[in-house]
*Asks:* 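Shown below is the structure under consideration.
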Amino acid sequence: MTHLIFCSTSIDCGGAESLLLNLVKELDNKYKIIIIYIIGKGTYKSELKSTGAEVFKLNPISLFRTIKLLYKNPDTILQGWMYHGNLLATFLYLLTLGRGKLLWTVHHSAENYVHESLKHFLILKFTALLSRLPKAIVFVSEFIKKEHISYGYKNNHMQVIYNGIDTSLFKRNEEAAKKLIYSLNIPSEAVIMGTVGRNHPVKDYRTFFRSSSLLIKKHPNLHIIVAGRDVNLSQFSNELRDLTSEQLNRIHLLGERKDIPEILSLIDIFVLTSISESFSISLIEALAAGCCCVSTNIIFYTHLFPEALTVFPPYDYQSLVKCVEKYIYMSQEQRNKIGKEASLLVEQYFPLSKTINNYRELWDSVQLSN
């Protein structure tokens, strides 16, 4: 049995983390899976452990166990996951004098990542210096691959594996939507705009709420839903200061949720204001659920969804308002038609089965290599 160690930055709710969870769920007993994560609460820990995987937060004990395993099984696959996870996997590889088959997976846009902070710039340049060490580096899009090459990444085996989702989970569920709408006291005739994601600078919730303030004042039938950890209206008081209590009551903060497919089923217009995700899992899930979507133009797959996905420049809240209004002014029938077409395209381009097969082929190839 092949040992497969995922070194991940975190296993909390997020696009890269949910893909990791879905991969582990679908992998067969050919692999003995171990997951080491560096930061966070470990939101997915119980679900990952239920698959039979061993899950540890990085600490001296888990570090010692991993080193011991690598010395005993030098053919173990060391799969880095996100920048810090890639660094951890590389540290283990070097600490054990090259034991294990080292691989990286890169999920972020380099251009946006380096402009977030000096620390991120240094991390990117440092990983570029180490980029010859992995047997292969996986990028989630061709665009991200080219970006990283421009920042100094060098490796003879770079490849693109698109993120995928289980499309069967994100079929639009009208019954579930009706129950949620009733529980939130939202009128059945309302147009619902929403987003999913934790409160993090990368998500740029300030732009989301600046545009929300303008939209909710202009459109009295608009309600807004946010499902994500650590999102509180008090944090965005400047953006929402002109709203009345009635208007504020049309903004529904649901916190961190696990019933995302049901939540997406009640959203008419999904909005992504992220400044750093070239491949957003939450956006693909929304398209699969038949939502009309508005996103920052950092997304590489815009051309695949000419009707269902409209883009705007990062931070440009006024452009975001116009993009959302394009869908608000449509009839429900028009939005439904566009959403159904988008759902079919997601099934064609981004099924989880294709992602899993591509990773299996990669792992098999490195196992055969010297």
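Keep in mind the model is a prediction, meaning the values are calculated, not measured.
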*Asks:* Out of curiosity, H84 NE2 to I39 CD1, how far, rounded to the nearest 0.5 Å?
*Replies:* 6.5 Å
*Asks:* Kindly work out whether a path of hydrophobic side-chain contacts (I/L/V/M/F/W/Y, heavy atoms less than 4.5 Å apart) joins F208 to F270.
*Replies:* no
*Asks:* Please determine which of N185, I186, L180, I181 meets the side-chain contact (heavy atoms from CB on, under 4.5 Å) test together with S183.
*Replies:* L180
*Asks:* Quick one: does any side-chain atom of K125 pair with a main-chain N or O of Y151 as donor and acceptor, under 3.5 Å?
*Replies:* yes
*Asks:* In this structure, are over 12 heavy atoms from other groups packed under 6.0 Å from K322 atom NZ?
*Replies:* no
*Asks:* Y153 vs H148 aromatic rings, parallel, tilted or perpendicular, using cut-offs 30° and 60°?
*Replies:* perpendicular
*Asks:* Evaluate the side chain to side chain contact (heavy atoms under 4.5 Å, CB included) criterion for residues N232 and N199: first the C-alpha distance (whole Å), next the side-chain angles of each, then the deciding distance (0.1 Å), finally the verdict.
*Replies:* CA-CA 9 Å; N232 301 298; N199 185 10; over 6 Å; no
*Asks:* Can you tell me how the ring of Y205 sits relative to the ring of F236, calling it parallel under 30°, perpendicular over 60° and tilted otherwise?
*Replies:* tilted
*Asks:* Any side-chain heavy-atom pair from N155 and P134 closer than 4.5 angstrom?
*Replies:* yes
*Asks:* Run the side chain to side chain contact (heavy atoms under 4.5 Å, CB included) check on Y359 and L4 step by step: do they pass?
*Replies:* CA-CA 12 Å; Y359 272 104; L4 173 57; over 6 Å; no
*Asks:* Please confirm whether the backbone N or O of C292 pairs with a side-chain atom of R335, one donor and one acceptor, at under 3.5 Å?
*Replies:* no
*Asks:* Any side-chain donor-acceptor pair under 3.5 Å between S8 and E17?
*Replies:* no
*Asks:* Could you check whether E256 pairs with R198 (Lys NZ or Arg NE/NH1/NH2 to Asp/Glu carboxylate O, under 4.0 Å)?
*Replies:* no
*Asks:* OG/S282 to NZ/K203 distance, rounded to the nearest 0.5 angstrom?
*Replies:* 5.5 Å
*Asks:* Does a side-chain heavy-atom distance below 4.5 Å link K30 with D364?
*Replies:* yes
*Asks:* Any chain of hydrophobic side-chain contacts (each under 4.5 Å) joining L95 to Y71?
*Replies:* yes
*Asks:* Report yes if the side chains of I34 and T76 come closer than 4.5 Å at any heavy-atom pair, otherwise no.
*Replies:* no
*Asks:* For the backbone of V191 and the side chain of D268, can you confirm whether one donor and one acceptor N or O come within less than 3.5 Å of each other?
*Replies:* no
*Asks:* Considering non-hydrogen atoms only, spot the tightest contact between P314 and N297 and give its length.
*Replies:* CD-OD1, 3.4 Å
*Asks:* Test side chain to side chain contact (heavy atoms under 4.5 Å, CB included) on T127 and V106 and set out the steps.
*Replies:* CA-CA 11 Å; T127 55; V106 178; over 6 Å; no
*Asks:* Short question: side chain of T310, backbone of C323 - any donor-acceptor pair under 3.5 Å?
*Replies:* no
*Asks:* Shortest non-hydrogen contact from A227 to I263?
*Replies:* CB-CD1, 4.0 Å
*Asks:* What residue among H120, H107, H108 forms side-chain contact (heavy atoms from CB on, under 4.5 Å) with Y83?
*Replies:* H108
*Asks:* Can you tell whether the side chains of K337 and E307 come within less than 4.0 Å, N to carboxylate O?
*Replies:* no
*Asks:* Under a plain distance cut-off of 3.5 Å, with no hydrogens placed, do T207 and D204 share a side-chain donor-acceptor pair?
*Replies:* yes
*Asks:* About how many Å separate CD of Q247 and OG of S213, when rounded to the nearest 0.5 Å?
*Replies:* 7.5 Å
*Asks:* Are W104 and T90 linked by a side-chain donor-acceptor pair shorter than 3.5 Å?
*Replies:* yes
*Asks:* Has K326 got more than 12 heavy atoms of other residues, nucleotides or ligands less than 6.0 Å from its NZ?
*Replies:* yes
*Asks:* What's the spacing between L233 CG and L240 CG if we round to 0.5 Å?
*Replies:* 6.0 Å
*Asks:* Considering only heavy atoms from C-beta outward, does the side chain of R172 approach that of C291 to under 4.5 Å?
*Replies:* yes
*Asks:* Determine whether Y162 and Y301 satisfy the following criterion, ring pair (Phe, Tyr, Trp, His ring centres under 6.0 Å), listing intermediate values before the conclusion.
*Replies:* CA-CA 11 Å; Y162 291 154; Y301 45 75; 8.4 Å; no
*Asks:* Evaluate the side chain to side chain contact (heavy atoms under 4.5 Å, CB included) criterion for residues T355 and I165: first the C-alpha distance (whole Å), next the side-chain angles of each, then the deciding distance (0.1 Å), finally the verdict.
*Replies:* CA-CA 8 Å; T355 304; I165 65 168; over 6 Å; no
*Asks:* If two hydrophobic side chains count as joined below 4.5 Å and joins carry through other members, does F305 share a cluster with M193?
*Replies:* no
*Asks:* To the nearest 0.5 Å, tell me how far E26 CD sits from L21 CG.
*Replies:* 10.0 Å
*Asks:* Could you verify whether a donor N or O on one side chain and an acceptor N or O on the other, from Q332 and N336, lie under 3.5 Å apart?
*Replies:* yes
*Asks:* Are K32 and E54 close enough that some pair of their side-chain heavy atoms sits under 4.5 Å apart?
*Replies:* yes
*Asks:* Could you point out which residue of I356, V140, N357, N358 forms a side-chain contact (heavy atoms from CB on, under 4.5 Å) with I161?
*Replies:* N358
*Asks:* Counting only N and O atoms by type, is there a donor-acceptor contact under 3.5 Å from the side chain of N221 to the main-chain atoms of A190?
*Replies:* no
*Asks:* Minimum heavy-atom separation for L124 and A110, please, with both atom names.
*Replies:* CD2-CB, 4.0 Å
*Asks:* Does any N or O in the side chain of T296 come within less than 3.5 Å of the main-chain N or O of S274, such that one atom is a donor and the other an acceptor?
*Replies:* yes
*Asks:* Which atoms form the tightest heavy-atom contact between L352 and G164, and what is the distance?
*Replies:* CD1-O, 3.7 Å
*Asks:* Measuring from K101:NZ to L362:CG, what's the distance to the nearest 0.5 Å?
*Replies:* 12.0 Å
*Asks:* Surrounding OH of Y182 (heavy atoms of other residues, nucleotides or ligands, distance under 6.0 Å), is the total greater than 12?
*Replies:* no
*Asks:* Measure from the side-chain N and O atoms of S131 to the backbone N and O of K154, and report whether any donor-acceptor pair falls under 3.5 Å.
*Replies:* yes
*Asks:* Would you say that L78 contacts L70 through its side chain, given a criterion of any heavy-atom pair below 4.5 Å between the two side chains?
*Replies:* yes
*Asks:* Taking F56 as the starting point, is it possible to reach I61 by hopping between hydrophobic residues whose side chains are less than 4.5 Å apart?
*Replies:* no
*Asks:* Verify the cluster assignment for L88 and I137: are they in a single hydrophobic cluster under the rule of side-chain heavy atoms below 4.5 Å apart?
*Replies:* yes
*Asks:* Test your reading of the model: is there a side-chain donor-acceptor pair from S343 to the backbone of G290, 3.5 Å cut-off?
*Replies:* no
*Asks:* Quick one: does I225's side chain get under 4.5 Å of I192's, heavy atoms only?
*Replies:* yes
*Asks:* Quick check: does any side chain N or O of R250 sit under 3.5 Å from a backbone N or O of I216, one acting as donor and the other as acceptor?
*Replies:* yes
*Asks:* With a 4.5 Å heavy-atom cut-off, do F312 and T273 have their side chains touching?
*Replies:* yes
*Asks:* Closest approach of T51 and L48, non-hydrogen atoms and distance?
*Replies:* OG1-O, 2.5 Å
*Asks:* Please check if the number of heavy atoms outside F126 that lie under 6.0 Å from its CZ is greater than 12.
*Replies:* no
*Asks:* Does F121, at its CZ atom, have more than 12 non-hydrogen atoms belonging to other residues, nucleotides or ligands within less than 6.0 Å?
*Replies:* no
*Asks:* Between the main-chain N or O of A176 and the side-chain N or O of E262, is there a donor-acceptor pair closer than 3.5 Å?
*Replies:* no
*Asks:* Does the distance from a Lys or Arg side-chain N to an Asp or Glu carboxylate O, for K258 and E47, drop under 4.0 Å?
*Replies:* yes
*Asks:* Given the rule in the side chain to side chain donor-acceptor pair (under 3.5 Å) test, do N59 and S62 qualify, once you have shown the distances and angles that lead to the verdict?
*Replies:* CA-CA 5 Å; N59 57 47; S62 63; 3.3 Å; yes
*Asks:* Take atom NZ in K217; do more than 12 heavy atoms of anything else shown fall under 6.0 Å from it?
*Replies:* yes
